[in-house]
Every structure is written in C-alpha cells, then in structure tokens.
Amino acid sequence: NAGVTQTPKFRILKIGQSMTLQCTQDMNHNYMYWYRQDPGMGLKLIYYSVGAGITDKGEVPNGYNVSRSTTEDFPLRLELAAPSQTSVYFCASSYPEGGVETQYFGPGTRLLVL
Amino acid sequence: AQSVAQPEDQVNVAEGNPLTVKCTYSVSGNPYLFWYVQYPNRGLQFLLKYITGDNLVKGSYGFEAEFNKSQTSFHLKKPSALVSDSALYFCAVRDVRSGGYNKLIFGAGTRLAVHP
C-alpha cells in the first residue's frame with residue numbers, strides 16, 4: 001500500500017490565485033482529515049470527512065473548501081489565496097484500531113502565498 | 001477547555017542516554033492520548049497511544065509512554081537514545097466532543113536533538 005499520498009509537494013501561489021491540494025489513500029479508510037501546520041504550532045484541523053459525500057468543518061475552515069466524492073480522494077480547495085494561508089498542509093486518514101481511530105498522515109504540501 | 005501542553009520546545013540528549021519528552025493534558029473524562037513523530041520534510045508518523053489499561057504503553061522504535069492520571073501527564077520515554085531519533089515529537093489528545101470520529105488536539109511539538 002502507498003498509504004496516504006499528497007500532491008504537489010510544494011507550491012508558490014500569488015495572492016488571489018486558487019488551487020487544489022490533492023490527497024489520496026489506498027487503505028479504504030472511511031475517515032479523512034485536512035490539517036495545517038504553522039511554525040511553532042501544533043496541527044489545526046481544517047476539514048474532515050467521515051465517508052464519501054459527507055464533510056464537515058474543523059477548527060480553521062475559512063478560506064477552504066473540500067469534497068469527498070470517493071472513499072479514496074479528499075481534495076482541499078483554496079479559492080482566493082492569502083498570505084495567511086502560507087503553511088504546510090497535511091492530509092490524514094484513519095480506521096478503528098483498539099476501539100479508537102488511529103490517524104495516518106501523508107507527507108505534506110508546503111504552500112507559500114506571496 | 002481541552003488542551004495539550006508540551007512544556008519544552010527542545011530537548012537535548014546524548015546518544016545512549018535515556019530520553020523523556022514531556023506532555024500534559026487537560027480533558028474532561030477519560031483521555032485517549034497519542035504520540036506522533038515528524039522527521040524533516042515528512043508527515044507525522046504514529047508512535048503509540050493510550051486508551052485504557054496498563055499505564056505504560058509500548059510503541060514503535062523502542063519508545064514507550066507513561067500515563068499518569070493524577071499528574072495528567074503522558075510523557076514519552078526511551079531507555080537509550082539514538083541519533084536517528086532526532087525529530088519533532090507531537091503529543092495529542094482525542095477531543096471528547098468529537099463523537100464518532102477521532103478529532104485530535106495537538107501540542108505545539110518538542111524538538112528532540114540527540115548528539116553523538
């Protein structure tokens with residue numbers, strides 16, 4: 001299994017541009033998550049999904065959108081990029097293990113908005 | 001409010017010495033606790049978790065963590081550090097309000113530097 005894969009690895013955006021961060025998992029996990037990681041901070045949850053067709057907001061959803069049309073894919077959309085969205089973005093998926101979901105993370109996408 | 005604190009930004013230890021990375025938490029009810037490690041330019045990797053039972057939890061790469069309910073702590077430990085253990089370590093607690101999915105609250109991370 002490839003696990004959780006993310007593309008691109010790095011991207012520079014101009015203010016106001018849009019882009020989609022891709023996330024795919026091949027472990028048949030129902031739950032998927034998007035986080036952002038800022039320097040010196042822990043991860044903050046942007047959006048999550050409990051299955052195909054079902055998504056919900058996390059702690060910091062403003063400026064982002066998601067969709068979940070399949071179990072495997074969970075893309076994150078930035079519509080109007082702002083410098084505050086400069087961050088490292090991690091996608092994760094999870095399944096129940098010992099009664100509690102364990103999250104497995106992708107390698108991340110580094111985004112710079114100038 | 002639920003929270004996780006990692007009081008040390010960085011921990012320095014000599015190779016071969018024992019290491020401890022500290023974590024304290026604040027949640028209502030019984031906590032579900034996790035440790036993750038992040039190597040440079042990589043995603044987070046799961047190390048271990050505590051749900052219930054034995055207070056000493058063993059995980060990957062020789063790491064273990066001790067749950068202490070009275071001190072609300074979940075410190076990560078390893079008897080003999082390796083240079084390759086140098087990385088960023090995150091403690092996390094499950095948000096008890098998260099219902100059927102595992103929403104995690106992460107600490108800010110502790111950078112572990114193991115010197116030869």
Side-chain angles (χ1 to χ4, degrees), chain A residues 2-10 21 23-25 27 29-51 54-61 68 74 88-110, chain B residues 1-10 23-25 27 29-54 57-60 67 87-111:
Chain A
V4 180
T5 57
Q6 293 182 238
T7 57
K9 291 184 179 179
F10 176 67
L21 283 66
C23 175
T24 299
Q25 54 93 7
M27 298 174 284
H29 290 174
N30 284 333
Y31 293 169
M32 295 188 73
Y33 312 80
W34 273 106
Y35 293 90
R36 59 178 287 171
Q37 182 184 30
D38 299 319
M41 307 284 287
L43 280 68
K44 300 291 185 183
L45 182 65
I46 305 172
Y47 270 93
Y48 67 95
S49 169
V50 300
I54 307 170
T55 63
D56 207 347
K57 296 177 180 179
E59 300 173 77
V60 289
R68 183 96 182 269
F74 190 41
V88 181
Y89 292 84
F90 289 102
C91 179
S93 69
S94 69
Y95 73 101
E97 186 176 27
V100 176
E101 306 269 333
T102 297
Q103 294 187 21
Y104 292 86
F105 287 78
T109 294
R110 188 174 298 272
Chain B
Q2 299 175 95
S3 64
V4 174
Q6 294 181 243
E8 301 156 315
D9 291 336
Q10 178 152 334
C23 172
T24 59
Y25 64 90
V27 297
N30 295 321
Y32 296 159
L33 296 155
F34 301 78
W35 275 103
Y36 284 83
V37 59
Q38 184 181 28
Y39 297 102
N41 301 313
R42 303 285 296 276
L44 278 70
Q45 296 180 29
F46 170 73
L47 277 179
L48 51 80
K49 66 182 176 186
Y50 171 83
I51 301 173
T52 187
D54 194 348
V57 180
K58 294 189 183 297
S60 306
F67 171 66
L88 189 57
Y89 290 81
F90 289 96
C91 182
V93 65
R94 181 184 181 184
D95 186 337
V96 297
R97 302 162 296 179
S98 63
Y101 76 101
N102 201 26
K103 178 183 174 183
L104 296 178
I105 299 171
F106 284 87
T110 298
R111 187 164 301 281

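Naming: A, B, ... by sequence-line order, numbering from 1 per chain.
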Contact origin within A:Gln6 toward chain B - heavy atom pairs under 4.5 Å
neither
Looking only at heavy atoms, what is the nearest atom pair of B:Leu44 and A:Phe105, with distance?
O-CB, 3.4 Å
Bottom line for B:Gln38: the part with an atom under 4.5 Å from chain A's heavy atoms is side chain
So which atom in B:Phe90 and which in A:Gln37 form the shortest heavy-atom distance, rounded to 0.1 Å?
CZ-NE2, 3.1 Å
Check step by step if side chain to side chain contact (heavy atoms under 4.5 Å, CB included) holds for A:Tyr35 and B:Leu104.
CA-CA 10 Å; A:Tyr35 293 90; B:Leu104 296 178; 4.2 Å; yes
Atom OG1 in A:Thr102, atom OH in B:Tyr36: separation rounded to 0.5 Å?
6.0 Å
Heavy-atom closest pair (A:Gln103 atom, B:Phe46 atom, distance to 0.1 Å) is O-CB, 4.3 Å
